[in-house]
Amino acid sequence: MTTDDGPSNFLRELIAADVAAGKHGGRVVTRFPPEPNGYLHIGHAKSICLNFGLAREFGGTCNLRFDDTNPAREEQEYVDAIEADVRWLGFDWGERKYFASGYFDQLYRWAVQLIGKGLAYVDDQTTEQIREGRGNFYRKGTDSPNRDRSVDENLELFERMRAGEFPDGARVLRAKIDMSHANLNMRDPPMYRIKRAHHHRTGDDWCIYPMYDYAHGLSDALEGVTHSICTLEFEDHRLLYDWFIEALELEHRPQQVEFAKLNFSYIVLSKRKLLELVKGGYVNGWDDPRMPTIRGLRRRGVTPEAIRAVAERTGASKRDGRVDITLLEHEIREHLNATSPRAMAVLDPLKLVIENFDEHAVEWFEAPNNPEDPAAGGRKVPFSREIYIERDDFREVAPKKWYRFAPGQEVRLRYACFVRCNEVIKDAAGNVVELRCTWDPASRGGDSPDGRKVRGTSHWVSARHAIAAEVRLYDRLFSEPDPEGIDGRDWKEFLDPRSIRVVAGAMLEPSLADVPVGARFQFERVGYFCADDDSRPGHPVFNRTIGLKDSWAKIEAKGG
RNA sequence: UCGGGGAUCGUCUAAUGGUAGGACUGCGGAUUCUGGUUCCGCAUAUCAAGGUUCGAAUCCUUGUCCCCGAACCA
């Protein structure tokens with residue numbers, strides 16, 4: 001089955017079947033449940049697209065719920081950043097912003113209820129003793145000596161835990177399930193721990209906090225979530241997820257469904273490694289344009305449309321894999337090609353003097369803003385006797401199939417005219433410093449009335465009108481597709497120093513002088529660029545989002 | 001030695017007993033005032049071995065390989 005929303009996948013089919021069967025009254029409610037302890041990255045984007053996308057597709061709703069049950073690592077700053085990132089991606093949770101911490105009272109009452117049913121108990125053992133008692137994959141666990149405490153004693157102890165009568169870590173509330181269960185999550189998992197830490201929302205109201213396994217499913221139930229979509233590593237937890245809901249005899253039963261998280265070649269996504277990149281100074285912060293964070297991608301110039309397209313194209317399944325980064329790159333180009341205004345910018349300027357062009361004259365040539373989009377209009381670009389062209393567009397000795405500048409070869413200056421290179425000027429060291437050319441005034445506008453063809457077209461900037469700019473050329477952060485998977489080598493060894501190259505003296509056409517931060521352009525024949533936060537009036541800084549495909553580079557690389 | 005998942009082109013993903021399809025990548029070619037875009041074409045896959053069936057990626061059996069799990073993290 002294929003729809004406008006993309007190809008079929010097991011989540012879509014499962015939800016469609018539930019809706020068709022009238023489960024939950026045919027309603028669909030999902031949620032995106034980040035822990036506010038870090039910045040969102042492209043892996044989260046996948047989950048966001050899935051949860052919000054599926055809800056929208058089935059006429060349901062998606063909640064934004066912060067899973068803030070561990071005050072030691074969560075902060076308001078992250079809540080704000082996450083909200084901004086989800087919005088930027090194009091999703092809206094309406095009034096449905098929730099916090100697990102908003103359910104602390106209810107969760108506490110339910111815990112008391114479970115104690116009353118003999119399904120939870122307070123354990124005085126140390127962390128080490130509990131770990132020891134849990135056993136391991138091959139050895140069954142053993143019951144805690146506190147396992148058979150009376151309901152009354154448990155009630156009293158739990159109340160005193162809440163009241164702050166015991167030091168941190170002294171006791172935990174445990175679900176009473178089965179210490180010999182093959183699934184370790186079922187061996188009397190902790191529900192509450194004592195932890196005196198200031199919570200970003202509840203302040204110092206609590207000194208006990210619920211664990212993920214206890215809080216998550218019940219929060220889902222409270223919100224009427226129908227499909228609780230999470231990643232594969234929680235498959236083992238589903239049994240526990242269901243157990244709490246069952247034990248409390250809750251009427252609404254959300255269903256946990258797991259999918260394989262999104263990962264890419266040439267990228268690392270683990271929170272720990274991302275943090276290491278930032279803390280270790282390997283990148284310039286969480287919003288470094290080489291980071292796979294939403295903020296990094298945004299600063300790089302990537303569009304939310306491209307990210308959503310990747311999420312859609314990669315579907316959903318239970319096989320863990322690694323998507324080829326070229327798919328992301330393709331979607332970025334795809335969207336930017338359709339939407340970016342064009343401009344001319346010379347990254348590595350080589351002066352070109354048109355000897356038969358009046359020294360004081362200026363011609364203004366009309367250039368379309370986007371050949372892909374006539375509605376984008378056009379602009380005038382100034383042309384004068386001295387211009388800059390890309391140094392790499394000139395070869396003193398033309399290789400085979402070389403259409404660009406070379407002695408005696410005629411080339412088109414885009415939207416301007418034909419010029420022919422007559423002479424190459426070098427400095428004492430033999431470096432080419434200037435090209436002397438003549439133009440054909442009849443080719444004004446870019447075509448010759450006699451119909452003669454030129455194969456090469458180059459971009460250019462009038463020297464007198466050029467704006468100097470800094471351009472940051474970003475590339476893949478790693479030199480290896482799987483930096484984490486190379487035998488016996490640290491992933492940081494594959495950080496690619498060429499992932500950023502700063503060009504100080506780029507020359508831009510004057511229309512680019514004062515462009516708002518975040519504005520995206522295609523620099524013709526070069527790539528897609530985005531005005532960086534560091535731009536100053538009259539002195540823009542541009543980030544390269546992604547280069548244009550370069551088939552000449554391929555020909556040349558093949559030894560042509 | 002345990003439990004839970006998963007194996008389809010190089011990569012991601014469809015096909016739910018009836019022609020193994022799509023996308024990205026790669027390689028050709030056409031068009032082009034971006035060696036871009038667009039268009040056309042080519043190449044490449046069912047983990048293995050048995051079995052059931054007129055017919056198997058799909059069902060059965062036996063293997064093999066990969067991922068996750070032993071926080072008072074989420």
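What you see is a predicted model; the values in this text were computed from it and never measured. By convention in this document, chain letters (A, B, ...) are assigned in the order of the sequence lines, proteins followed by strands, and residues within each chain are numbered from 1.
Judged by distance alone, with hydrogens and angles left aside, the side-chain atoms of A/Thr314 form a donor-acceptor pair with the main-chain N or O of A/Ala311 at under 3.5 Å. Judged purely by atom type and a 3.5 angstrom limit, A/Asn154 uses its side chain to pair as donor or acceptor with the backbone of A/Val122. The backbone N or O of A/Tyr266 sits nowhere less than 3.5 Å from a side-chain atom of A/Glu480 that would complete a donor-acceptor pair.
For A/Lys549, there are no side-chain hydrogen bond (donor to acceptor under 3.5 Å, both in side chains) partners, not counting sequence neighbours. With sequence neighbours left out, the side-chain hydrogen bond (donor to acceptor under 3.5 Å, both in side chains) criterion links A/Tyr212 to no other residue. In this structure A/Arg391 satisfies the side chain to side chain contact (heavy atoms under 4.5 Å, CB included) test together with A/Asp348, A/Leu350, A/Val432, sequence neighbours excluded. For the side-chain hydrogen bond (donor to acceptor under 3.5 Å, both in side chains) test, residues two or more places apart in sequence or in another chain that qualify with A/Arg238 are A/Glu258. Listed by chain and residue number, nothing satisfies the side-chain hydrogen bond (donor to acceptor under 3.5 Å, both in side chains) test with A/Ser479 (two or more places apart in sequence, or in another chain). Applying the side chain to side chain contact (heavy atoms under 4.5 Å, CB included) test to A/Ser317 and every residue at least two apart in sequence or in another chain returns A/Arg319. In this structure, the side chain to side chain contact (heavy atoms under 4.5 Å, CB included) partners of A/Ile546, at least two apart in sequence or on a different chain, are A/Glu329, A/Ile332, A/Arg333, A/Tyr528. Applying the side chain to side chain contact (heavy atoms under 4.5 Å, CB included) rule to A/Asp447 yields the partners A/Arg412; only residues at least two apart in sequence or on another chain are considered.
Computed from coordinates, the A/Asp482 CG to B/C67 P distance equals 11 Å when rounded to whole Å.
Distance from the side chain of A/Arg525 is smallest to B/U34 among B/U34, B/C72, B/C24. The side chain of A/Glu74 has B/A74 as its nearest neighbour among B/C2, B/A74, B/G35. Minimum atom distance to the side chain of A/Arg342 is reached by B/G36, of the listed B/G36, B/C73, B/G35. Of the candidate nucleotides B/C72, B/C73, B/G26, B/C73 has the atom nearest to the side chain of A/Glu35.
For the OP1/OP2 pair of B/U32 and a distance below 4.0 Å, the side-chain nitrogens and oxygens of A/Lys453 include no atom meeting the criterion. Regarding contacts with the backbone of B/G36, a side-chain N or O of A/Ser551 is found under 4.0 angstrom from either OP1 or OP2.
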- Item | 5'-to-3' dot-bracket of RNA chain B (Watson-Crick, G-U; under 3.5 angstrom; crossing pairs as [ ]; | other strand) | .((((((..((((....[..)))).(((((.......)))))....(((((..]....))))))))))).....
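A/Arg139 comes within 4.0 angstrom of no nucleic acid atom, judged by non-hydrogen atoms across all strands. Looking at heavy-atom distances under 4.0 Å, A/Gln125 makes contact with a base. No contact: A/Ser458 has no heavy atom under 4.0 Å from any strand.
In this structure, the ring of A/Phe99 has its center less than 6.0 angstrom from the ring center of A/Phe66.
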- Message: Output one letter per nucleotide in nucleotides 37-47 of chain B: B when a protein non-hydrogen atom lies under 4.0 Å from the base, S when only the sugar-phosphate is that close, - when neither is.
- Response: SS---------
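Classified by its glycosidic torsion, B/A71 falls in the syn category, the angle being within 90° of 0.
Aromatic ring pairs are classed by plane angle as parallel below 30°, tilted from 30° to 60° and perpendicular above 60°; the pair A/Tyr241 and A/His216 is tilted.
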Check nucleotides 11-13 of chain B for protein N or O atoms closer than 3.5 Å to its own N or O atoms and list the pairs.
{"unit_1": "B/U11", "atom_1": "O3'", "unit_2": "A/Arg322", "atom_2": "O", "d": "3.3"}
{"unit_1": "B/U11", "atom_1": "O2'", "unit_2": "A/Arg322", "atom_2": "O", "d": "3.0"}
{"unit_1": "B/U11", "atom_1": "O2'", "unit_2": "A/Asp324", "atom_2": "N", "d": "3.2"}
{"unit_1": "B/C12", "atom_1": "OP1", "unit_2": "A/Arg322", "atom_2": "N", "d": "3.3"}
{"unit_1": "B/C12", "atom_1": "O2'", "unit_2": "A/Thr314", "atom_2": "O", "d": "3.4"}
{"unit_1": "B/U13", "atom_1": "OP1", "unit_2": "A/Ser317", "atom_2": "OG", "d": "2.5"}

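Remark: ring of A/Tyr138 stacked against base of B/U1; centroid gap under 5.5 Å, plane tilt under 30°.
The stretch residues 180-196 of chain A comes close to RNA chain B through A/Ala182, A/Leu184, A/Pro190, A/Arg193, A/Lys195, each having a heavy atom under 4.0 Å from the strand.
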